[in-house]
Amino acid sequence: MELARPSRKTNGVGVQVEDAQICVVMVGLPARGKSLIAQKAQRYLKWLSIDAQVFNVGNYRRTDNPHPPADFFDAGNAEGERSRRAAAEAAVTDMLGWFKNGGIIAILDATNSTKARRRWIKERCDKEGVETLFVESKCDDEELIMSNILEVKTSSPDYVGHDPEKAAQDFRNRIRNYEKVYETIDKDENDLTYLKIMNVGKQVIINAIQDYLQSRVVYYLMNLHIKQRSIWLSRHGESEWNVYGKIGGDADLSPRGEAYALKLPELVKQSFGPGEDHPLTVWTSTLRRTIATARHLPQEYNQLQWKALDELDSGVCDNMTYAEIKELYPEDFEARDQDKYNYRYRGGESYRDVVIRLEPIIMELERSENILIVTHQAILRCIYAYFMKEDQEKSPWLNVPLHTLIKLTPRAYGTDKQVFKAGVEAVSTWRGKGSVAKHEDPVEGVTTSLDV
Ligand code: ATP
Ligand code: F6P
């Protein structure tokens with residue numbers, strides 16, 4: 001019996017998904033960044049509460065053939081062909097099963113390098129009412145391909161225990177084998193919906209994008225770049241309201257907050273790696289405490305104020321202490337503790353709302369290079385959750401101490417984190433479930449702290 005699919009009319013964050021289910025089919029020779037693009041797309045969509053899953057055909061193939069040599073990938077190798085075909089079958093079958101259970105966007109991560117293979121995937125998806133969006137990454141920059149091989153391929157599970165130089169040579173031979181049969185997406189395939197990204201976005205071709213969700217994915221992928229850069233995150237210095245234990249508002253910095261503002265330029269310099277001592281772009285919110293915190297940074301740092309970086313709007317509870325909120329709105333206080341991510345303050349916002357308004361910030365961050373963001377506790381938790389893949393249930397409870405600079409550096413498959421403490425005392429604004437304490441020490445094990 002065919003089970004009805006769960007309703008997908010909206011994804012719960014006001015994103016109209018029009019009942020679409022999309023298979024994003026990666027296309028491209030090895031070492032063209034397909035897996036990286038797939039991982040980033042999944043992270044972005046999940047952050048937006050859109051159910052997304054990567055199906056990596058290489059992982060299926062590895063169960064039978066964990067360390068195949070380059071000639072395994074020669075189209076003339078019958079055993080190789082059979083095994084690779086079986087891996088693709090298994091991945092597509094699992095993927096379609098996942099769609100039946102209500103999944104929204106699957107990313108099929110494989111080379112999908114022939115027209116016949118792409119046609120087969122499209123037919124399988126068409127039958128299940130799943131849309132296909134082909135994303136081809138083309139790159140003929142030999143230097144970049146070589147550096148990709150050295151950066152990620154020599155440490156791939158395919159080459160565990162292998163000499164890196166021999167692994168790199170073998171991987172180049174693997175690419176040669178793929179090149180013999182590789183067919184780029186061309187006008188014969190103009191009935192397909194596709195995005196072609198050439199040399200990391202130097203040129204982009206978009207064909208037959210059909211709906212809103214597809215265009216969102218395409219827009220995100222068009223904004224990605226792979227230049228080395230970092231993102232610095234800091235809360236504002238301690239504010240008068242932090243000292244009183246009041247939330248929201250537009251208070252000035254406390255004397256200790258002022259001391260942090262004075263220390264910030266030095267802290268930023270201390271965080272620089274070799275050759276990194278160049279001007280940063282600084283983003284603050286429009287609230288006084290972030291602008292004041294950034295005001296001693298060097299003149300040559302461009303500063304931009306974003307309304308989207310303002311603290312979570314606590315509506316009728318703005319300017320209250322947690323104790324006052326519990327007293328005046330006990331049910332709300334309880335409801336927020338039960339589901340902090342989804343709870344929306346009366347006349348204000350939830351964490352879920354904040355994520356939606358931060359989307360343009362994330363898009364701009366993806367396009368940009370070195371950025372220092374001076375913002376607020378809840379906002380920083382949401383931005384941090386995007387980069388570090390924190391769960392929605394956990395992220396609103398993260399401990400984000402004041403007077404601490406966090407440097408995030410995106411790498412091929414993940415984000416490195418470094419933490420720099422200013423050494424200027426400040427109150428704790430972290431609050432555990434149920435508590436109305438003005439200043440509470442974070443409880444280890446109950447929360448994740450992002451300063452370690
Ligand atoms: P394979 O087919 O072997 O799985 P792949 O195409 O999935 O290879 P990745 O493992 O994603 O390749 O390669 C990651 C490397 O590619 C990283 O070093 C990353 O910086 C780089 N990269 C990311 N995007 C692109 C792009 N659009 N073009 C070329 N290289 C890219
Ligand atoms: O207490 C500082 C503050 O930035 C408040 O302005 C804001 O309401 C609060 O943190 C957000 O943290 P939480 O979601 O834990 O209440």
Side-chain angles (χ1 to χ4, degrees), residues 26-40 54 56-59 61 73 109-113 135-141 144-153 155-156 158 171 174-175 178 196-202 204 221 224-228 235-236 238-239 241-251 285 287 289-290 310-315 317-322 325 333 336-337 340-341 343 345 348-351 354 375-382 395-400 402 410-413 427-433 435 438-440 447:
M26 300 307 301
V27 175
L29 288 166
R32 265 56 180 187
K34 299 182 301 296
S35 296
L36 179 129
I37 294 168
Q39 297 290 337
K40 286 197 82 158
V54 176
N56 179 296
V57 176
N59 288 341
R61 183 263 301 154
F73 298 92
D109 182 13
T111 58
N112 299 317
S113 48
V135 175
E136 180 174 5
S137 174
K138 279 194 87 173
C139 179
D140 53 17
D141 177 342
L144 173 61
I145 293 160
M146 199 54 218
S147 91
N148 288 351
I149 293 174
L150 294 173
E151 189 188 357
V152 294
K153 296 305 170 192
S155 54
S156 132
D158 283 355
F171 200 83
R174 182 191 294 196
I175 296 177
Y178 271 103
K196 248 171 118 156
I197 305 172
M198 263 84 84
N199 289 322
V200 204
K202 279 211 182 98
V204 167
L221 296 182
L224 300 182
H225 71 73
I226 54 169
K227 290 192 201 112
Q228 181 69 20
R235 290 180 65 186
H236 52 78
E238 182 189 78
S239 74
W241 263 202
N242 294 149
V243 176
Y244 298 140
K246 288 176 186 280
I247 67 164
D250 192 11
S285 73
L287 297 170
R289 54 197 187 276
T290 62
D310 284 1
E311 181 53 306
L312 181 147
D313 181 351
S314 39
C317 297
D318 204 37
N319 297 311
M320 289 186 190
T321 62
Y322 290 117
I325 298 173
F333 187 81
R336 187 161 200 257
D337 274 0
K340 198 171 176 190
Y341 189 78
Y343 170 82
Y345 277 109
E349 290 177 303
S350 63
Y351 273 84
V354 167
T375 183
H376 307 265
Q377 177 160 259
I379 305 302
L380 208 148
R381 283 173 175 151
C382 296
S395 59
W397 298 101
L398 283 170
N399 175 34
V400 196
L402 288 163
R411 303 271 179 222
Y413 297 134
V427 296
S428 161
T429 61
W430 181 83
R431 185 187 71 87
K433 250 184 206 177
S435 164
K438 264 190 186 162
H439 307 300
E440 193 179 353
T447 178

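Both ligands and their constituent atoms are indexed starting at 1 by order of listing. Predicted model only: the values in this text are computed from it and were never measured.
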Notebook entry, point to check: For ligand 1, which atoms sit closer than 4.0 Å to a heavy atom of Ser35?
Noted result: 4 (O), 5 (P), 7 (O), 10 (O), 11 (O)
Next item on the list: Compare every heavy atom of Ala38 with every heavy atom of Val54, then report the nearest pair and how far apart it is.
Entry: CG2-O, 3.7 Å
Margin query: For atom 1 (O) of ligand 2, what's the nearest protein heavy-atom neighbour? Residue, atom name and distance, please.
Written below: Thr429 CB, 3.9 Å
Check: If we only count N/O pairs under 3.5 Å, is His236 in contact with ligand 2?
Finding: no
Checklist line | Protein contact of atom 14 (C) of ligand 1 - nearest heavy atom, named by residue and atom, plus distance | finding: Val152 CG2, 3.7 Å
Item checked: 4.5 Å side-chain heavy-atom contact, His439 and Trp430 -> no
Notebook entry, point to check: Which atom names give the shortest non-hydrogen contact between Arg32 and Ile145, and what distance separates them?
Noted result: NH2-CD1, 3.1 Å
Next item on the list: Report the distance from atom OG of Ser435 to atom CD of Glu440, rounding to the nearest 0.5 Å.
Entry: 3.5 Å
Check: Looking only at protein heavy atoms, which one is nearest to atom 12 (O) of ligand 1, and how far off is it?
Finding: Gly33 N, 3.1 Å
Item checked: For ligand 2, the portion of Trp241 having any non-hydrogen atom under 4.0 Å away -> neither
Checklist line | Numbered atoms and elements of ligand 1 in range of Pro30, under 4.0 angstrom, heavy atoms | finding: 1 (P), 2 (O), 3 (O), 8 (O)
Next item on the list: Tell me, please: is Gly58 in heavy-atom contact with ligand 1, that is, under 4.0 Å?
Entry: no
Check: In the protein, which heavy atom is nearest to atom 9 (P) of ligand 1, and how far is it?
Finding: Tyr413 OH, 3.2 Å
Next item on the list: Using a 4.0 Å heavy-atom cut-off, say whether Ala31 meets ligand 1 through its side chain, its backbone, both or neither.
Entry: backbone
Next item on the list: Might you point out which heavy atoms bring Gly249 and Asn319 nearest each other, and give the distance in Å?
Entry: CA-OD1, 3.1 Å
Notebook entry, point to check: If we only count heavy atoms from C-beta on, is the Thr111 to Leu29 side-chain gap below 4.5 Å?
Noted result: no
Check: How does Met26 reach ligand 1, by side chain, by backbone, by both or by neither, if only non-hydrogen atoms under 4.0 Å count?
Finding: neither
Next item on the list: State the atoms of ligand 2, each with its element, that fall below the 4.0 Å cut-off from a heavy-atom position in Asn242.
Entry: 2 (C)
Checklist line | The one among Tyr322, Trp397, Trp430 that brings a heavy atom closest to atom 13 (P) of ligand 2 | finding: Tyr322
Notebook entry, point to check: Relative to ligand 1, is Leu144 under 4.0 angstrom through side chain, backbone, both or neither, heavy atoms considered?
Noted result: side chain
Notebook entry, point to check: Just wondering, do Tyr351 and Arg381 contact through their side chains at under 4.5 Å, heavy atoms?
Noted result: yes
Notebook entry, point to check: Which atoms of ligand 1 are found less than 4.0 Å from any heavy atom of Glu151?
Noted result: 17 (C), 18 (O)
Check: Looking only at N/O atoms, are Thr111 and ligand 1 under 3.5 Å apart anywhere?
Finding: no
Checklist line | The one among Lys340, Lys438, Gln377 that brings a heavy atom closest to atom 15 (O) of ligand 2 | finding: Lys340
Item checked: Non-hydrogen atoms of Tyr322 and Tyr345 that approach each other most closely -> CE2-OH, 4.4 Å
Item checked: For ligand 1, the portion of Phe171 having any non-hydrogen atom under 4.0 Å away -> side chain
Item checked: Value rounded to 0.5 Å, distance of CG in Asp318 from CD1 in Ile247 -> 6.5 Å
Notebook entry, point to check: Counting only heavy atoms, which portion of Leu36 has something under 4.0 Å from ligand 1: side chain, backbone, both, or neither?
Noted result: both
Notebook entry, point to check: What's the shortest distance from atom 2 (O) of ligand 1 to any protein heavy atom, and which residue and atom give it?
Noted result: Lys34 NZ, 2.7 Å
Item checked: Pairwise distance CZ(Phe333) to SG(Cys317) - rounded to 0.5 angstrom -> 10.0 Å
Next item on the list: Would you mind telling me if ligand 2 is within reach of the side chain of Arg336, the backbone, both or neither, using heavy atoms under 4.0 Å?
Entry: side chain
Notebook entry, point to check: Do the non-hydrogen side-chain atoms of Val200 and Asp141 ever get within less than 4.5 Å of each other?
Noted result: no
Checklist line | Minimum non-hydrogen distance to atom 30 (N) of ligand 1, winning option of Ile175, Leu221, Asn148 | finding: Asn148
Item checked: Residue Ser137 vicinity, atoms of ligand 1 by number, heavy atom under 4.0 Å -> 26 (C), 27 (N), 28 (N)
Next item on the list: Around atom 4 (O) of ligand 2, find the nearest protein heavy atom and jot down its residue, atom name and distance.
Entry: Glu311 OE2, 2.5 Å
Checklist line | Side chains of Leu224 and Leu36 in contact at under 4.5 Å (non-hydrogen atoms) | finding: no
Item checked: For atom 8 (O) of ligand 2, the protein heavy atom that lies nearest, with its residue and separation -> Ile247 CB, 3.5 Å
Next item on the list: Determine, using heavy atoms of Lys153 and all atoms of ligand 1, whether some pair is separated by less than 4.0 Å.
Entry: yes
Next item on the list: Would you mind reporting whether His376 and Thr290 have side-chain heavy atoms less than 4.5 Å apart?
Entry: yes
Margin query: At less than 4.0 angstrom from any non-hydrogen atom of Arg381, what atoms of ligand 2 do you find?
Written below: 12 (O), 13 (P), 14 (O), 15 (O)
Next item on the list: Identify the protein heavy atom lying closest to atom 25 (C) of ligand 1, giving its residue, its atom name and the separation to 0.1 Å.
Entry: Arg32 O, 3.6 Å
Next item on the list: For ligand 1, indicate whether the residue Phe73 contacts it via side chain, backbone, both or neither (heavy-atom separation under 4.0 Å).
Entry: neither
Item checked: Protein contact to atom 5 (C) of ligand 2 [nearest heavy atom, distance to 0.1 Å] -> Gly248 N, 3.5 Å
Check: Got a second to check how far Gln377's CD is from Asn242's CG, nearest 0.5 Å?
Finding: 8.0 Å
Notebook entry, point to check: Is a donor on one side and an acceptor on the other found under 3.5 Å between the side chain of Lys340 and the backbone of Pro396?
Noted result: yes
Margin query: Show the nearest heavy-atom pair for residues Asp310 and Ile379, with the distance to one decimal.
Written below: O-CD1, 3.0 Å
Checklist line | Residues Tyr341, Val354; criterion side-chain contact (heavy atoms from CB on, under 4.5 Å); working and verdict | finding: CA-CA 10 Å; Tyr341 189 78; Val354 167; over 6 Å; no
